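Throughout, numbering of the chain's residues begins at 1 and tracks the sequence. All values reported here derive from a predicted model rather than from experimental measurement. For ligands, and for the atoms within them, numbers begin at 1 and follow the listed sequence.
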Amino acid sequence: MLVSAKEMLTKAKAGHYAVGQFNINNLEWTKSILQTAQELESPVILGVSEGAGKYMCGYKTIVGMVKGMLEELNITVPVALHLDHGSFEGAKACINAGFSSIMFDGSSLPIDENVQKTTELVNACNILGLSLEAEVGSIGGEEDGVIGAGECADPEECKKVADLGVTMLAAGIGNIHGKYPENWAGLSFETLDAIQAKTGDMPLVLHGGTGIPADMIKKAISLGVAKINVNTECQLAFQEATRKYIEEGKDLEGKGFDPRKLLAPGAEAIKATVKEKMELFGSVGKAFN
Ligand code: 13P
């Protein structure tokens, strides 16, 4: 059964660890993440961007696939199916399709409009028992080859949005999606500290989990981060293992062309990445506590 992310994140914040959100792209991704979570007895959040949603045929297909896997793979750890960086329309579509958790990213809107749209979604999610993530201060990243520095959110604006009754809050603290550039200034712990001081028990979300050094991850968790998003790192692990398989000519040996063989090393590499992150985030063994 899919669950809202509320309980797992409340426990994570109180227990000083973080739950990983791992973005999914297809069946192999989803299966690898779910099996690893079950093996490690860790709660987990499956993230779906709007682009990945379209790629996988649409939100209803994803809900069907994930629910089927929970049953047929006997997954008993808490699993939330979460829209990542949703538009207002996307959020409504995922609520209707049966997602258990929604992110509305109004960070590029004027703060009053972000507040108004987030409020509408707080009401809809509360009625259905879904968790809702809001965002203040946009997360940087690579767009058309230009790498933007991650913005630092205004702690007052964070408080304003947290007080609307959202479940968790993503706040920019200099983090960036994708690979970090050589000259990245690192996370702004001063900003994070100020945000936590204003938002109290609110579980904070760290986007752009790929490539953040372990010591910074641990410090962020100590300052209130209870959810960490990882996407690119699983993609890179999959790509590297798949490249190796082909470069070693394994696809040319026997039935090595069978997609179930061709995609297997990549799927195993995703499992290893997810395991490493769950260990670092401290969520291993926390599923049934
Ligand atoms: P990365 O791709 O940098 O890991 O970021 C993932 C993310 O924040 C998804 O919202």
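In terms of polar-atom proximity, defined here as any N/O pair under 3.5 Å, H177 does make such a contact with ligand 1. Below 3.5 Å of separation, one finds an N or O of T232 facing an N or O of ligand 1. In terms of polar-atom proximity, defined here as any N/O pair under 3.5 Å, G178 does make such a contact with ligand 1. Looking at ligand 1, you won't find any N or O of N23 less than 3.5 Å from one of its N or O atoms.
Contact atoms of ligand 1 toward T210: 1 (P), 2 (O), 3 (O), 4 (O) (distance under 4.0 Å to a heavy atom of the residue). Set against the non-hydrogen atoms of H85, the atoms of ligand 1 under 4.0 Å away are 10 (O). Under a 4.0 Å criterion applied to the non-hydrogen atoms of V230, ligand 1 contributes the atoms 4 (O).
With no hydrogens or angles considered, a side-chain donor-acceptor pair links S42 and S283 at under 3.5 Å.
When hydrogens are left out, the protein atom nearest atom 8 (O) of ligand 1 is G208 N, 2.8 Å; that is the closest non-hydrogen contact.
Both tests do not hold together for K277 against F22: distance to the six-membered ring centre under 6.0 Å, angle to the ring axis within 45°.
Under the 4.0 Å criterion applied to side-chain N and carboxylate O atoms, K275 and E279 are assigned as salt-bridge partners. At a threshold of 4.0 Å, the pair K67-E71 does not count as salt-bridged, since none of the basic side-chain nitrogens sits closer than that to a carboxylate oxygen. Using a 4.0 Å cut-off between a side-chain N of Lys or Arg and a carboxylate O of Asp or Glu, K244 and E240 do not qualify as a salt bridge.
Ligand 1 lies nowhere less than 4.0 angstrom from a heavy atom belonging to G47.
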